[in-house]
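A short worksheet on the structure shown next.
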Amino acid sequence: MEYVCMGCTEDCFIVSGSQLLKKYAIHPYISITVDQEKLFRRLKAEHPNIGALGIACIPELAQGMRLCIKRGISPVGIPLNANRCARWMKQARESSFSLEELEELVQ
């Protein structure tokens, strides 16, 4: 995994989402450039019954979910409300997603 949310600002969706996931004993990580194929292979070997929850822009969410399925990992995903990642915008800008949908998925 690349990054763990440090909770640096209260109004950030990553902070809000991380806090919500921690409430349900889920360890959130932020992945930007990691080799997902290698990561999923390792995680599947370590945890045969693992699942994945992705939050991303639609193209990257679809790509990640297909890769999970290929590796035998059950995926669920939440698309961003707006795609503002550095890959598309040349610099990172805050994105948002539905916290309600996230909580509904992890309950």
Side-chain angles (χ1 to χ4, degrees):
M1 305 298 176
E2 292 180 87
Y3 303 103
V4 175
C5 174
M6 302 302 290
C8 52
T9 60
E10 284 298 314
D11 60 346
C12 172
F13 265 83
I14 293 173
V15 171
S16 300
S18 293
Q19 290 170 344
L20 178 63
L21 291 171
K22 288 175 186 175
K23 175 178 149 183
Y24 292 96
I26 298 169
H27 304 285
Y29 295 94
I30 303 164
S31 173
I32 298 171
T33 60
V34 71
D35 180 345
Q36 290 180 341
E37 179 97 28
K38 184 178 177 181
L39 171 67
F40 291 162
R41 232 185 350 260
R42 180 179 60 83
L43 289 173
K44 183 67 176 174
E46 292 173 9
H47 310 280
N49 295 319
I50 196 168
L53 168 89
I55 301 171
C57 64
I58 291 173
E60 291 190 14
L61 189 59
Q63 179 183 10
M65 291 176 80
R66 280 191 208 103
L67 186 55
C68 283
I69 291 166
K70 179 179 172 185
R71 289 280 156 221
I73 298 170
S74 298
V76 296
I78 298 174
L80 296 175
N81 292 337
N83 185 358
R84 298 182 185 115
C85 71
R87 185 167 295 157
W88 305 102
M89 303 293 290
K90 299 194 193 280
Q91 72 179 53
R93 299 175 195 257
E94 185 175 17
S95 294
S96 62
F97 54 90
S98 172
L99 292 170
E100 294 80 17
E101 187 174 353
L102 177 59
E103 185 156 29
E104 193 173 305
L105 282 172
V106 298
Q107 286 181 343

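Just so it is clear, the values below take in all heavy atoms, side chains as well, and ignore hydrogens, waters and symmetry mates. Numbering of residues begins at 1 and proceeds along the displayed sequence. Just so it is clear, the model here is predicted, and its values are computed rather than measured.
Here the side chains of L102 and S98 are not in contact, with every heavy-atom distance at 4.5 Å or above. In this structure, the side chains of I69 and P75 come closer than 4.5 Å at one or more pairs of heavy atoms.
With sequence neighbours left out, F40 forms a ring pair (Phe, Tyr, Trp, His ring centres under 6.0 Å) with no residue at all. Not a single salt bridge (Lys or Arg N to Asp or Glu O under 4.0 Å) links K38 to another residue, sequence neighbours left out. Not counting sequence neighbours, the partners of R41 by the salt bridge (Lys or Arg N to Asp or Glu O under 4.0 Å) test are E37. For S96, the side chain to side chain donor-acceptor pair (under 3.5 Å) test picks out N81, with sequence neighbours left out.
Heavy-atom minimum distance, F13 versus F97: CE2-O, 3.0 Å. For I73 against K44, the heavy-atom pair with the smallest separation is CG1-CD, 4.0 Å.
Taking CD of E100 as the reference point, atom CD of E103 lies at 8.5 Å (rounded to 0.5 Å). Separating the NZ atom in K70 from the CZ atom in R66 is a distance of 12.0 Å, to the nearest 0.5 Å. For the atom pair CG (L99) and CG (L20), the distance works out to 6.5 Å, reported to the nearest 0.5 Å.
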Sequence neighbours left out, cut at 3.5 Å: what donor-acceptor pairs do the side chains of residues 46-57 make with other protein atoms?
from : atom 1 : to  : atom 2 : distance (Å)
E46  : OE1    : R42 : NH1    : 3.4
E46  : OE2    : R42 : NH1    : 3.2

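Cluster partners of L61, by chain and number: M65. The rule joins Ile, Leu, Val, Met, Phe, Trp and Tyr whenever side-chain heavy atoms lie under 4.5 Å apart.
Both Y24 and V76 belong to a single network of hydrophobic side chains, linked directly or stepwise wherever heavy atoms of I, L, V, M, F, W or Y lie under 4.5 Å apart. If you chain together hydrophobic residues whose side chains sit under 4.5 Å apart, I78 and I58 never meet in one group.
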